[in-house]
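As a basis for the values below, the full set of heavy atoms in this structure was taken, side chains included, without hydrogen atoms, waters or symmetry mates.
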Amino acid sequence: MPELRLHNTLTRRTETFAPRDPAHGVTFYSCGPTVYDDAHIGNFRSFLNADVLRRTLELLGHRVVHVMNITDVGHMTDDANADGGGEDKMAVAGRRIAEAKKAGKLPAGAEIDPADPYAIAEFYAGRFLEDARLLGLKVALEEQARAAKGAPTLMPRPTRCIPQMVEMIGSLVARGHAYQAKDGAVYFDVRSFPAYGRLSGNTLDQLREGAGERIDAANQAVKRHPADFLLWKPDPRHLMRWPSPWGEGYPGWHIECSAMARMLLGDEIDLHSGGEDNIFPHHECEVAQSCCATGHPSFAHTWFHTRHLQVEGEKMSKSKGNFFTARDLFAKGVTPAALRLELVRTHYRSNANFTLQGLQDCQRMVDRWSRAHAQLVARAREDRADSGRADDDGLSRSPGHAPAPSPAVAVDESLPPGPFERALAAFTDALCDDLNVARAVAALNEAVAAKPAEHEAACPVRELGSLLAMDSVLGVLGRNAPVAGAAPAEDPAFVAQVESLIATRAAARAAKDWAASDRVRDQLAALGVTVKDGPQGATWSRAKP
RNA sequence: GGCCGCGUACCCAAGUGGCCUAAGGGGACGGAUUGCAAAUCCGUUAUUUCGUGGGUUCAAAUCCCACCGCGGCCUCCA
């Protein structure tokens, strides 16, 4: 098994990754979305990078137990943990939904009560899982299969894990790491954990109180140290609330992940991922809570953080008009494969720059890989026909699954490795070098561009296996089609108009009246339609915006 | 104010001391193909050049210093 070198935020070094207990698999926790709105492409870059890491581990032969939470507790707009100020995010989402409902813009099937925070969370969680599966997030794909079998979830919701949180907070209080302040809230005592600040570098003496300008002075006064953070907030008026020894209320933001990671993966875990903004305070607080509650000296051994995504060179924001959700792009006809590749091809520790041009670049690459895949499948079939075997050969299996070819198929071991088989080595090597996806993609591109003679000299089944192995990490081959139903349906009258023009043009072409044919093409262009003449006649599509 | 990351061709993006006269993709240009296009295929496309200015070294895109620019975190955020 080749070694994976991975940068660890905790040590600030690139280290050889080794699971603590390889027999039981790699335990991996990823901070997932908060579901009071649709996840945007920046969120997905982080989730997708975690997915590439997981898939790389699997390519290397590791078994991975991957957990990703879906946060459905409505936290506060101003401050999720310290003072509970501002407005509940679920309430904000509810108002947004109520407005959409009034304007008749609610998506089909969205009969939700804007006053019911659980329904809102469920609504957005469902949409997130749809997007995630389309983008090939394996944890979400697996979740669906697990649910069908009745297996326990690996995508936990905090609202269903409150007892585990209450228990953890209780043990923190019992061990003297947490206290109930005069305002009734339970806080973590940061000075009781000397390693606080080790992950982020924000040690207590360096923290500048209130630098984020979101601190409430009255709230600060009841805490023993300004950096103490909320574990439980009693609040009888909160939208979502549960009983606890400290009164009816809701949990702090950080405790959720500590409790769910422990519940599903154990006291210590191998890997923990999230966006770079999670390093502080969220992950720093998780370390403190988990170590203090379990008594273990460490929590996650390797911390994996993805840098933020920019759009067209600028910070993504709604006001700049460069804010995209995955669904927005699917509705424009962007394929999940192209979006996945665009979000994942820049190194995870660099700020990636998402551009529409880049998305097109990726689409072209995926198209070329798909063609190469189809050719290999065809050649492998021919081989099988030659060898007289007709049973299920596994070749029609959709890509993205087990790369090993079925034994029913003719594998010629005497042939030297072909372009894809050689590329797989370089591809794996690049990924093992701190997940160098760009270099891995380059290796694949070089294989695809190899001379035809080199391709013909290789064993197609082995070549296909190598290509599918590479795609088991890239995860694009089965996802290169526009999302059905994502784009608004074409107006039938418009379609009829276009088809009639195309028929007119076909007649002109048959009569070799090129001037008339080109006139019709101009008319179609004016309607925003591009025509392509292929062997099976003309096809048309909406011109790219 | 403190901590951290980045700056490579028209664009995206690898490369972190000699194999760099700098991967890969897109674009552009030339060719094949096509009635013309589109798509596809083939070829060309950074030659003291890697933000700027110094320094270390036999040797620097790669190490050090300064400056300029961009970005992240310092209790909303992936």
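- Using a 4.0 Å heavy-atom cutoff across all strands shown, A:Thr346 reaches sugar-phosphate atoms only and no base atom.
- Mapping A:Asp433 and A:Ala450 onto RNA chain B by nearest heavy atom places A:Asp433 at the nucleotide closer to the 5' end.
- Note on A:Leu309: a base of the nucleic acid sits closer than 4.0 angstrom, heavy atoms only.
- For A:His177, the ring pair (Phe, Tyr, Trp, His ring centres under 6.0 Å) criterion is met by no residue, not counting sequence neighbours.
- Residues forming a salt bridge (Lys or Arg N to Asp or Glu O under 4.0 Å) with A:Arg96 (at least two apart in sequence, or on another chain): A:Asp37.
- Rounded to an integer number of Å, the gap from CD of A:Gln310 to P of B:G69 is 17 Å.
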>> As a check on the pairing definition, encode RNA chain B in dot-bracket form, counting Watson-Crick and G-U wobble pairs whose two distances are under 3.5 Å, and using | for partners outside this strand.
In response: ((((((((.[[[..)..(.....]]]((((((.......)))))).....[[[[[..)....]]]]])))))))....
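- For the residue pair A:Ser30 / A:His66, a side-chain donor-acceptor distance below 3.5 Å is found, with atom types taken as modelled.
- Partners of A:Glu314 under the salt bridge (Lys or Arg N to Asp or Glu O under 4.0 Å) rule, at least two apart in sequence or in another chain, are A:Lys320.
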Pick out the pairs of N or O atoms, protein on one side and nucleotides 6-10 of chain B on the other, that lie under 3.5 Å.
none

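- In this structure A:Asp361 satisfies the salt bridge (Lys or Arg N to Asp or Glu O under 4.0 Å) test with no other residue, sequence neighbours excluded.
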> In the 5'-to-3' direction, what one-character label does each nucleotide of nucleotides 24-37 of chain B receive under the scheme B = base within less than 4.0 Å of a protein heavy atom, S = sugar-phosphate only, - = no such atom?
Replying inline: SBSS-------BBB
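- Nearer to the 5' terminus of RNA chain B, by closest-nucleotide assignment, is the contact made by A:Lys451 (compared with the other of A:Lys451 and A:Phe44).
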Hey, can you pull the donor-acceptor pairs under 3.5 Å for the side chains in residues 420-428 of chain A, sequence neighbours left out?
unit_1	atom_1	unit_2	atom_2	d
A:Glu421	OE1	A:Arg462	NE	3.1
A:Glu421	OE1	A:Arg462	NH2	3.2
A:Glu421	OE2	A:Arg462	NH2	3.3
A:Arg422	NH1	A:Pro417	O	3.1
A:Arg422	NH2	A:Glu454	OE1	2.7
A:Thr428	OG1	A:Leu424	O	2.7

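- Here the separation of B:A9 from B:U45, taken at their C1' atoms, is 9 Å to the nearest Å.
- The side chain of A:Asn43 has B:C77 as its nearest neighbour among B:C77, B:C73, B:G71.
- Residues meeting the side chain to side chain donor-acceptor pair (under 3.5 Å) test with A:Gln180, sequence neighbours left out: none.
- Evaluation of the side chain to side chain contact (heavy atoms under 4.5 Å, CB included) rule for A:Glu143 yields A:Arg146, A:Thr153, A:Leu154, A:Met155 as partners, not counting sequence neighbours.
- Ion pair A:Lys223/A:Asp189 not flagged as a salt bridge, since none of the NZ, NE, NH1 or NH2 atoms sits closer than 4.0 Å to an Asp/Glu carboxylate oxygen.
- Residues forming a salt bridge (Lys or Arg N to Asp or Glu O under 4.0 Å) with A:Arg95 (at least two apart in sequence, or on another chain): A:Glu87.
- Residue A:Lys315 places no side-chain N or O under 4.0 Å from the OP1 or OP2 atom of B:C77.
- As judged by a 4.0 angstrom heavy-atom cut-off over every strand, A:Gly274 is placed among residues touching the sugar-phosphate backbone only.
- With B:A14, B:G71, B:C74 as the candidates, the nucleotide lying closest to the side chain of A:Pro281 is B:C74.
- Distances from the side chain of A:Asn278 to the nucleotides B:G15, B:A78, B:G5 place B:A78 closest.
- Annotation: side chain to side chain donor-acceptor pair (under 3.5 Å) contacts of A:Arg345 (sequence neighbours excluded): A:Glu342.
- Residue-level contact check: A:His305 touches neither bases nor backbone, having no heavy atom under 4.0 Å from any strand.
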